[in-house]
2 protein chains.
Amino acid sequence: MDERKQKVLLAIVQDYIATAEPVGSRTIAKKYGLGVSPATIRNEMADLEEMGYIEQPHTSSGRVPSVRGYRYYVDYLMKKQDLTREEEDLIRSELETKARDVGKVIQRTGQLLSQMTSYTAMVLTQQLGPGTFKHVQLVPMRLSQTMVIVVMDNGAVYHRMIETPDSILASDLDTLSKVLNAKLQGLTMESIKLTLLKELYFEMGKHKHILDLALELIQDSLALKKEDKIYLGGVFNMLTQPEFHNVEKVKTMLSILDQEKLLCELLSGESRDEGVTIRIGGEIKDYDIKDYSVVAAPYMLSGRKVGAVGVLGPTRMDYAKVISVMDYLTKNLSRALERVILGR
Amino acid sequence: MDERKQKVLLAIVQDYIATAEPVGSRTIAKKYGLGVSPATIRNEMADLEEMGYIEQPHTSSGRVPSVRGYRYYVDYLMKKQDLTREEEDLIRSELETKARDVGKVIQRTGQLLSQMTSYTAMVLTQQLGPGTFKHVQLVPMRLSQTMVIVVMDNGAVYHRMIETPDSILASDLDTLSKVLNAKLQGLTMESIKLTLLKELYFEMGKHKHILDLALELIQDSLALKKEDKIYLGGVFNMLTQPEFHNVEKVKTMLSILDQEKLLCELLSGESRDEGVTIRIGGEIKDYDIKDYSVVAAPYMLSGRKVGAVGVLGPTRMDYAKVISVMDYLTKNLSRALERVILGR
DNA sequence: GTTAGCACTCTATCTTATCGAGTGCTAAAG
DNA sequence: CTTTAGCACTCGATAAGATAGAGTGCTAAC
């Protein structure tokens, strides 16, 4: 592909991203100073179409980038676009000051992402994988009600109420906690199940009932499936995009957003461990998400990938902008999470 | 309003709810056996219109219920509609078996509600008000990282990581937990702040740093604003409603759904302590939510109102159905929550 | 009080005409 | 060989009738 073709393709992609209208030869010749006449551009465009980079919605209308065209643009032509000082400040202040717990941080992130791109933002939090047991605590809440709290080494905390006989004293619960902690320290479920249960029950037959319930929670915690949670933000923002003047399009989009599983796959699937992944239109395997692109990037917690943020938008999305926002955002998100979770 | 007028109004409301088309005199005479001719019905309709119960979208089209008409229908004409065996079973099984934690219960509730009504479901969880302190536990996680866990008497559990000096031993943390628990038992923040801090610091000057951080979390927990969280479900479902063939309508709706604060008010505001509240179209004060109705009902946890579920739909919604679903659902929701939270 | 008959209204839908942006091709110019 | 002006042609979008039919209100008869 010679240089002038590249320039023409770039012009088409940029203009289409900006206006959402098929772009004609005249427009290119006038707005993007290539120094040649529309007729020449038309020839180039005919070539580009033959090569599969652009398409015509119908004979005798302007050209529109094809999936392949977007791909070429993203891979070779797109210029990195830095955020303005204000935008950076906004992200930093929103994430650094205003959020004190994980949920808030996630939510803010989604809102920011959507607001700054005007597409739909998705934030995926992958449940920290099944860790090992760290601590259990039985807390007497009121007569015959006890709370079981289980802490995992990965920082997850689970709790549940259980019914306990009135005869049990607070000190009993304390002892029970102690014993459990001593016995179960650092184990995975398998080892607990196989080696220790008998021993435990033998020692503490008296409180068998409580033990059962407590162990049930511990078991649940340990076995917890890596269940992903997804936060969506700014669905409404996206409707300002001209493609959604058509109701059918809106429906398609909302039906995509309704399929949580699909979204999770889009965000987590086959993404490299760092940096932004872009999937354009039909490139998304299996599902028929033609017309939409997904830009996704993982975020880290102390070096480990613990989730991903993403943007869902029409193929005609402002990739440069989205990428730069996402880049800056994930970095700050990681930092914010470290602060909130690890107490740094 | 004489009996025949009521019948005509009932017919109009029912038919319009079912078909979304303005209903004409002929339709009523044919489908609803009033035993009179269309001309008679026309006369009645003219009267009803004069009284403000129905409206004409334009001269010479069928009639459509006005807000006042819906209100009359809901208050006097609507027949209670029981759920089918299958529907009841669905609700019960979904809520009783599948959900093990609060989040899941809430989510399932929303999904059920939306799915069974085909409108948008909202589930509001009001943060249990600021309770009193119950228990604190310092758990050593790894070198220089400690988790602070705070349990409130209302069952809320908060946790946070803090940085601790390497010199601190697990046994120190345990002692610290003990002392804190002994001192702070059952107090609200005010009393803690005013009376006990000095004493504490005096006793435990050595671990001042940890104390600070732990107290910070306790303070946060106690001071926690009654922050409401809202779960939305089935936005997509609603688009199957014929009113949303128009894009503008979709936008209006999504913009309503975007305003969390508004939604919270709709759900919690001025609702009686039990039973279903219905707000039709313009009846919703201040905001311009003409064209939409909200049906809401609180749900309980051991007798206290702890949240609300609601449905947002076009004024032309199937109130009878929604009410019966909601009625059955809130009861089961309360039960499910008691099971999950209180361990019954 | 009820109803048949009828003229009238208004929307929705279909058809037709027109406009104009944009193309591809041809032939001339560089 | 590349570029460009000129021109006929295509096709969607918009506007302007034309038509059908559902529904009304009114009048006069039952």
Side-chain angles (χ1 to χ4, degrees), chain A residues 1-9 11-13 15-16 18-66 69 242-243 245-249, chain B residues 1-9 11-13 15-16 18-51 53-66 69 242-243 245-247 249:
Chain A
M1 168 133 51
D2 66 42
E3 201 186 315
R4 196 170 61 191
K5 280 199 180 44
Q6 288 194 344
K7 277 188 182 160
V8 172
L9 179 55
I12 292 175
V13 174
D15 207 78
Y16 187 62
T19 65
E21 298 289 332
V23 6
S25 54
R26 216 181 113 79
T27 315
I28 295 181
K30 224 178 0 177
K31 280 213 282 189
Y32 303 80
L34 298 207
V36 291
S37 76
T40 312
I41 307 270
R42 277 205 288 282
N43 288 330
E44 296 288 26
M45 294 209 299
D47 291 349
L48 282 170
E49 182 162 9
E50 210 168 312
M51 294 191 261
Y53 291 109
I54 55 179
E55 293 167 349
Q56 262 177 313
H58 45 266
T59 337
S60 86
S61 82
R63 299 313 209 288
V64 158
S66 66
E243 10 271 297
H245 283 331
N246 177 340
V247 194
E248 281 315 305
K249 289 274 169 68
Chain B
M1 166 131 52
D2 66 43
E3 201 186 316
R4 196 170 63 191
K5 278 198 180 44
Q6 287 193 345
K7 276 190 182 160
V8 172
L9 179 55
I12 291 175
V13 174
D15 207 76
Y16 187 62
T19 65
E21 298 289 330
V23 8
S25 54
R26 218 183 111 80
T27 315
I28 295 180
K30 223 180 2 179
K31 281 213 280 190
Y32 304 80
L34 298 205
V36 290
S37 78
T40 312
I41 307 270
R42 277 206 286 284
N43 288 331
E44 297 287 27
M45 295 209 301
D47 291 350
L48 281 170
E49 182 162 8
E50 210 168 311
M51 294 194 264
Y53 292 109
I54 55 179
E55 292 167 348
Q56 261 177 315
H58 45 265
T59 340
S60 85
S61 82
R63 300 310 210 289
V64 157
S66 66
E243 10 270 298
H245 282 332
N246 178 338
V247 194
K249 289 273 169 66

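In what follows, chains carry the letters A, B, and so on, assigned in the order in which the sequence lines appear, proteins first and then strands, with residues in each chain numbered from 1.
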Whole angstrom value for the distance that separates [atom2] of [N] from [atom1] of [X]:
X: A:Glu44; N: C:dT23; atom1: CD; atom2: P; answer: 14 Å
X: A:Tyr16; N: C:dG22; atom1: OH; atom2: C1'; answer: 16 Å
X: B:Arg63; N: D:dG23; atom1: CZ; atom2: C1'; answer: 9 Å
X: A:Met45; N: C:dA21; atom1: CE; atom2: P; answer: 15 Å
X: B:Glu21; N: D:dT24; atom1: CD; atom2: P; answer: 13 Å
X: A:Asn43; N: C:dC25; atom1: CG; atom2: P; answer: 10 Å
X: B:Asp47; N: D:dG25; atom1: CG; atom2: P; answer: 10 Å
X: B:Ile41; N: C:dT3; atom1: CD1; atom2: C1'; answer: 12 Å

Check your understanding: After noting the C-alpha distance and the side-chain angles of B:Asp2 and B:Lys5, does the key distance pass the side chain to side chain contact (heavy atoms under 4.5 Å, CB included) rule?
Key -> CA-CA 6 Å; B:Asp2 66 43; B:Lys5 278 198 180 44; 3.5 Å; yes

Review point. Out of C:dT2, C:dT23, C:dT3, which has the shortest distance to the side chain of A:Ser25?
Key: C:dT23

Taking 4.0 Å as the cut-off, does a side-chain nitrogen or oxygen of [X] come that near to OP1 or OP2 on [N]?
X: A:Ser60; N: C:dG22; value: no
X: B:Thr59; N: D:dG23; value: no
X: B:Arg4; N: C:dT2; value: yes

Point to revise | Gap separating the CD1 atom of B:Ile12 from the CG atom of B:Leu48, nearest 0.5 angstrom | key: 6.0 Å

Study note, to complete from the structure: When rounded to the nearest 0.5 Å, the distance separating NZ of A:Lys7 from CE of A:Met1 is 14.0 Å

Review point. What about A:Arg42, does its side chain sit under 3.5 Å from the base of C:dG24 through a donor-acceptor pair?
Key: yes

Check your understanding: Between B:Ser37 and A:Gln56, which has a closest nucleotide on DNA chain C that is more 5'?
Key -> B:Ser37

Point to revise | Matching residue for B:Arg63 among B:Glu21, B:Glu50, B:Glu49, B:Glu55 - test: salt bridge (Lys or Arg N to Asp or Glu O under 4.0 Å) | key: B:Glu49

Exercise for review: Would you check if A:Thr40 and A:Ser37 make a side-chain contact, meaning some heavy-atom pair closer than 4.5 Å?
Suggested key: yes

